[in-house]
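Structure first, then comments.
Below, read A as the first sequence line, B as the second, and so on, with proteins coming before strands; counting in each chain starts at 1. When reading the values below, keep in mind they use all heavy atoms of this one structure, side chains included, and skip hydrogens, waters and symmetry mates.
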2 protein chains.
Amino acid sequence: MSDRVVPPAARRRRRPTKQGVVLSEELIVETAMRLLGEHGAEALSVRRLGRALGADPSALYRYFRDTDELMLAIADELIGRTLRAWHPGGDWVADLRDLGLRMHAGALAQPQAAVLSSYRVTGRAYEIQAVETALGVLRGAGFPDAEAVRIYHAFVDQALAFGALDSANKALPKAAREAEAAVWRATYARLPADTHPHIHATARHLVTDMRHSSYPAALDLFLTAAAARLAQLTAAEDAGPV
Amino acid sequence: MSDRVVPPAARRRRRPTKQGVVLSEELIVETAMRLLGEHGAEALSVRRLGRALGADPSALYRYFRDTDELMLAIADELIGRTLRAWHPGGDWVADLRDLGLRMHAGALAQPQAAVLSSYRVTGRAYEIQAVETALGVLRGAGFPDAEAVRIYHAFVDQALAFGALDSANKALPKAAREAEAAVWRATYARLPADTHPHIHATARHLVTDMRHSSYPAALDLFLTAAAARLAQLTAAEDAGPV
DNA sequence: TTAACAGGTCAACGGTGTTGTCATAAGGTG
DNA sequence: CACCTTATGACAACACCGTTGACCTGTTAA
């Protein structure tokens, strides 16, 4: 039964469900995102989504082949939102910092979509647009092509990787997340100085620091190093022959 | 029934299962990792694990409170393997680079386990040992406590995040991975210069560069920035009052 | 030798994604 | 307007999943 899903363009009849709701791809994605936002990652299941929509769970399979396809639709919408909100201003370091933070925040806004989509190359419109723009920022800053690609690659993977890591953590059941916070307070903060001198000495910092994402710090280190690299490259160019 | 799990130290009787297997925490973790490696993440369930062990699924609950605790045990074993192979030599930059590359390689060696465990704080023995050692390297290098924790946090999260990202990609079904490579060759490399000038200009580099992990590059940028930060800190200290 | 009990087994519960089948309302056609 | 086709929603069932309470039995300490 592989022809269960009808391509969106071919949809014409919109029979309402028993409860009077007229389904559509958009409505389903929208409702799924609302469920995720309101009740967390574990609240999203085909059955719950069906209930929230006022439709039989199996009706969703007329719109998405499986849950994975639904996740990708959510992820795609996410990329679009991030990109639409970003407006480069001319300072390449500031622009990249802004883009990175927006990608990270966008991932955290829909953690479980981010977890599933971060490591995929879609080749779709929004992604291409993002690559083009980011590369433009780096080349405009003065990076030679090969270097621009290297920096771009590291930058985007870092944003995606941290986005996924922090999203995965955020998507954890509440009990597990609280247990992790407790580990820092109850286990690490109580290790004695004689067996674990370094943890003991920094325990206070560990408890406060490990609660938050390290992405902003990592991003700033990244941008610092990238700027240094650019300075180094242009200096070599100025000194050398044409 | 919260006393279902008996602490490992208190275990004494080891009744074999119906099929003659003598269970243990180690055997369960080992078997779980083998299942992950052989049949992918979706092959790991309590019931399948029980079958693979030759025991009733519910027997596992004598060793782990729930599946989450089992995941943490797997994560810790992964850390342990990496840690045992790492021997710091005194140069903090070289040591951290080596540790980062080993963590990344360790994740790729067990991609399925890495994907599931990278974002967990276990509070178990190996993890504690890893935190202690890495903090020691940074404090030994001269970072003040708060800064050592910040750098440590960014470093370890970066290694885990890239490890998970690249693992997830590696664990993709073969067809999907090939499709992704094709996207760079067939879609990105063919975009015309007038609509996508930056992608067009760097297409050659994109095709070759995006195939590989960007972690080594990101790690080197990270270490460069960290070293610069240390120099800056010690310079300020030398200049200022005692 | 025996009594306690750790630990393996069984059966059941309420959840999950998914699919084969059926019924029916929407929409085109005459 | 009536008729026919068919898209699409509903239903029921399947095979899983994690988890738990009750039971049973081999191991071990006394």
Open item on the list: With a 4.0 Å cut-off on N to O distance, would you call A/Asp68 and A/Arg120 a salt bridge?
Closed with: yes
TODO: Look at A/Tyr63 and D/dG9 and indicate whether a side-chain polar atom (N or O) is within less than 4.0 Å of OP1 or OP2.
DONE: yes
Open item on the list: Check the phosphate of D/dT19 against B/Thr67, side-chain N and O only, distance under 4.0 Å to OP1 or OP2. Yes or no?
Closed with: yes
Open item on the list: Tell me whether the rings of B/Phe155 and B/Phe222 are parallel (<30°), tilted (30 to 60°) or perpendicular (>60°).
Closed with: tilted
Open item on the list: Applying a 4.0 Å non-hydrogen cut-off, can you work out what A/Ala55 is touching in the nucleic acid: base, sugar-phosphate, or nothing?
Closed with: sugar-phosphate
- [ ] Taking only the side-chain heavy atoms of A/Ser58 (C-beta and beyond), determine which of D/dA10, C/dT18, D/dT19 contains the nearest atom.
- [x] D/dA10
Task: Salt bridge present between A/Arg97 and A/Asp220 (N-O < 4.0 angstrom) - done: yes
- [ ] Take A/Arg47 and A/Ala59, find for each the nucleotide of DNA chain D with the closest heavy atom, and name the residue whose nucleotide sits nearer the 5' end.
- [x] A/Ala59
Task: Which nucleotide in C/dA26, C/dT9, D/dG9 has an atom nearest any side-chain atom of A/Pro16 - done: C/dA26
Task: Donor-acceptor pair present, B/Ser45 side chain and D/dC16 base, under 3.5 Å - done: no
- [ ] With heavy atoms under 4.0 Å as the rule, sort A/Thr17 into base, sugar-phosphate or nothing.
- [x] sugar-phosphate
- [ ] Measure from OH on A/Tyr61 to P on C/dC22 and round the result to the nearest Å.
- [x] 21 Å
Task: side-chain N/O B/Lys18 vs D/dT25 OP1/OP2, d < 4.0 Å - done: no
TODO: Report the nucleotide, chosen from C/dT16, D/dG9, C/dT19, that has the shortest atom-to-atom distance to any side-chain atom of A/Leu23.
DONE: D/dG9
- [ ] Ignoring the backbone of A/Arg62, work out which of D/dG9, C/dA12, C/dT18 is nearest its side chain.
- [x] D/dG9
Task: Check ion pair A/Arg185-A/Glu178 (N to O, under 4.0 angstrom) - done: no
